[in-house]
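The structure appears below as structure tokens.
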Amino acid sequence: MKIDWARLNYILIPTPPRVRATPPRPLPRAVRVLFGIGSSLTDSGRVMLVATLLVGGFGLDISRTRVYLLFAMLAGVLYTSLAAGRLLRPRGLSASLRNPPRVACDEDVSFVVAVRNDGEQPVHALRVRGPFLPHFGSYVSRPAVVEEVLGGAEATSIVTMRFTRRGELHLRPFQVARLVPLGLATGPSIETGPLRLRVVPRVANVVRVDLPGAARHQPGGIPFASRTGESMDLKGVRPYRPGDPLRDLHARTWARTGEPYVREYQEEYFSRIGVVLDADAEDDDAFEAAVSLSAGVVARLSRGEALVDLLLVGDELRELTIGRSLGFLDQALDELAIAERAAGF
């Protein structure tokens with residue numbers, strides 16, 4: 001049995017089946033205060049906090065050592081930094097997030113955090129912090145500190161992430177806050193909009209799919225398909241009936257018979273190809289391989305003239321038709337991104 005060590009690191013953090021990494025429910029006030037203090041400290045501030053606690057442990061016996069003086073000094077610096085941060089409110093600042101709507105598994109995706117200063121005075125030393133990621137996500141590069149945002153201008157910070165599993169992600173917003181002079185803590189933060197992203201499956205490289213060819217005439221059809229140069233085919237001519245378009249009059253037959261005739265057309269109906277993804281897979285690896293192969297087949301078929309019907313067969317049946325302006329490859333990838341194995345397997 002294959003052990004997912006990355007998932008075990010998040011064993012206490014549940015992952016809903018479809019909407020993964022959904023923001024958790026609000027925590028109790030006391031816990032929020034502790035988390036707020038911890039989040040207000042920078043990496044350097046957390047290192048100093050750990051050092052302060054260690055020094056405090058060595059200085060418990062105040063009758064034999066004066067280490068407690070060093071503890072008091074370190075604690076005072078931390079407290080001053082946290083208190084000073086409360087005064088550095090980001091007045092006149094707003095933040096927004098720019099990101100693509102979807103990304104493929106194991107591909108780097110860049111997020112642009114834009115900070116705008118609507119005030120007149122420049123703002124210095126802004127720290128950008130990203131959201132907590134699920135077990136299948138990681139930071140390739142962390143957001144850089146925004147050194148300065150001029151009045152009436154905008155500055156950006158770019159962060160790169162990578163996700164190893166497909167799914168629909170709803171993550172917490174990015175946060176932007178001002179750094180205190182010593183760089184140990186930050187002030188109150190402003191937030192971007194929530195991060196929403198679909199991680200679509202890897203598209204297998206399908207070189208060729210052998211299929212019977214061309215479009216055929218058949219009853220029924222798709223009247224709302226886009227009409228191209230070959231959408232209508234001449235079926236024949238018939239006698240004129242009141243209400244027929246005058247542009248369809250067939251002059252040669254009218255001249256030969258002495259009676260008005262009109263051209264009669266029938267739509268050319270397209271070849272339809274079904275791609276069925278069966279969710280009854282033996283294990284996760286087999287199912288992920290089937291999803292990737294389905295994406296590759298659909299991507300290959302979508303380059304042709306046929307209509308492609310994608311059927312997802314599992315605990316619930318979902319279908320999507322792409323091609324001829326009925327749908328696009330991105331829509332098919334979005335459906336495959338949230339496909340799940342059937343229950344019981």
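Residues: numbered from 1 along the sequence shown.
Minimum heavy-atom separation, P134 to L169: CG-CD2, 4.3 Å. Of all the heavy atoms in C105 and P201, the pair that sits closest is SG-CA, 4.2 Å. The minimum heavy-atom distance between S292 and R202, with the atom names listed, is OG-O, 2.7 Å. Across all non-hydrogen atoms, the minimal contact from P260 to L249 is CB-CD2, 4.4 Å. Taking each heavy atom of P188 and P90 in turn, the nearest pair found is O-CD, 3.4 Å. Looking at every heavy atom in both residues, V298 comes nearest to A332 through CG1-CB, 4.0 Å.
If you check the side chains of D108 and T160, you find no donor sitting under 3.5 Å from an acceptor.
In this structure, P131 and M161 have side chains that are in contact, with non-hydrogen atoms separated by less than 4.5 Å. Side-chain contact check for L197 versus F163: some heavy-atom pair is nearer than 4.5 Å. A 4.5 Å side-chain heavy-atom check between L93 and R116 finds every atom pair outside the cut-off. Under the 4.5 Å side-chain criterion, counting only non-hydrogen atoms from C-beta, L78 is in contact with L49. With a 4.5 Å cut-off on side-chain heavy atoms, T257 and R252 do not count as touching. Here the side chains of V149 and L126 are in contact, with some heavy-atom distance below 4.5 Å. No side-chain heavy atom of H124 sits less than 4.5 Å from a side-chain heavy atom of E147. Residues M48 and V77 are in side-chain contact: their nearest non-hydrogen atoms beyond the backbone lie under 4.5 Å apart.
Within the 3.5 Å criterion, the main-chain N or O of V207 finds a donor-acceptor partner in the side chain of R300. Put simply, the side chain of T192 gets close to the backbone of F174: a donor and an acceptor are under 3.5 Å apart. Side-chain N or O atoms of T164 include none that pairs as donor or acceptor with a backbone N or O of D106 at under 3.5 Å. Distance alone, capped at 3.5 Å, is enough to place a donor-acceptor pair between the T186 side chain and the S40 backbone. Counting only distance, with no hydrogens or angles, the side chain of T42 and the backbone of G183 share a donor-acceptor pair below 3.5 Å.
When the shell of 6.0 Å around CZ of R46 is examined, it contains more than 12 heavy atoms from other residues, nucleotides or ligands. Atom OH of Y139 has more than 12 neighbouring heavy atoms from other residues, nucleotides or ligands inside a 6.0 Å radius. Within a 6.0 Å radius of CD in E148, other residues, nucleotides and ligands contribute more than 12 heavy atoms. The environment of R238 atom CZ is dense: over 12 non-hydrogen atoms of other residues, nucleotides or ligands sit within 6.0 angstrom.
R166 has a carboxylate O that lies under 4.0 Å from a charged side-chain N of E288, or vice versa, which qualifies the two as a salt bridge. Comment: D280 does not engage R341 in a salt bridge, judged by the lack of any side-chain N to carboxylate O separation of less than 4.0 angstrom.
To the nearest 0.5 angstrom, Q175 atom CD is 10.0 Å from I190 atom CD1. Between atom CG of residue D118 and atom CD of residue E154 there is a gap of 10.0 Å, rounded to the nearest 0.5 Å. Rounding to the nearest 0.5 Å gives a distance of 4.5 Å between CG of L329 and OG of S302. The distance from the OG atom of S294 to the CZ atom of F287 is 8.5 Å, given to the nearest 0.5 Å. Going from atom CZ of R196 over to atom CZ of R102 covers 15.0 Å, rounded to the nearest 0.5 Å. Note that CG of L336 and CG of L310 are 5.0 Å apart. Values are rounded to the nearest 0.5 Å.
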Handout entry: Residues T156, V113; criterion side-chain contact (heavy atoms from CB on, under 4.5 Å); working and verdict
Key = CA-CA 5 Å; T156 59; V113 180; over 6 Å; no

Practice task
Verify side-chain contact (heavy atoms from CB on, under 4.5 Å) between L171 and L133, making sure each step is shown before the conclusion.
Solution key: CA-CA 8 Å; L171 302 180; L133 299 182; 3.7 Å; yes

Practice task
Under the salt bridge (Lys or Arg N to Asp or Glu O under 4.0 Å) rule, what do R162 and E107 come out as? Steps first, then yes or no, please.
Solution key: CA-CA 6 Å; R162 180 180 300 163; E107 288 188 2; over 6 Å; no

Practice task
Kindly indicate, with the supporting measurements, whether the criterion side-chain contact (heavy atoms from CB on, under 4.5 Å) is fulfilled by L74 and V55.
Solution key: CA-CA 9 Å; L74 295 176; V55 171; 4.2 Å; yes

Practice task
With side-chain contact (heavy atoms from CB on, under 4.5 Å) as the test, would you mind laying out the steps for E335 and L312 before giving the verdict?
Solution key: CA-CA 9 Å; E335 288 293 330; L312 307 179; 4.1 Å; yes

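Cluster annotation: V145 is not connected to V140 through the hydrophobic network of ILVMFWY side chains, with a link wherever side-chain heavy atoms come within less than 4.5 Å. The hydrophobic cluster containing V123 also contains V176, counting ILVMFWY residues as joined when their side-chain heavy atoms lie under 4.5 angstrom apart, directly or transitively. Hydrophobic clustering places V203 together with L277 (ILVMFWY residues linked when any side-chain heavy atoms are closer than 4.5 Å, directly or through intermediates). Tracing side-chain contacts under 4.5 Å through hydrophobic residues (I, L, V, M, F, W, Y), one reaches L182 starting from L70; they form part of the same cluster. Residues V206 and L333 share a hydrophobic cluster, clusters being chains of Ile/Leu/Val/Met/Phe/Trp/Tyr side chains in contact below 4.5 Å.
None of L301, L320, L311 except one satisfies the side chain to side chain contact (heavy atoms under 4.5 Å, CB included) rule with V275; the exception is L301.
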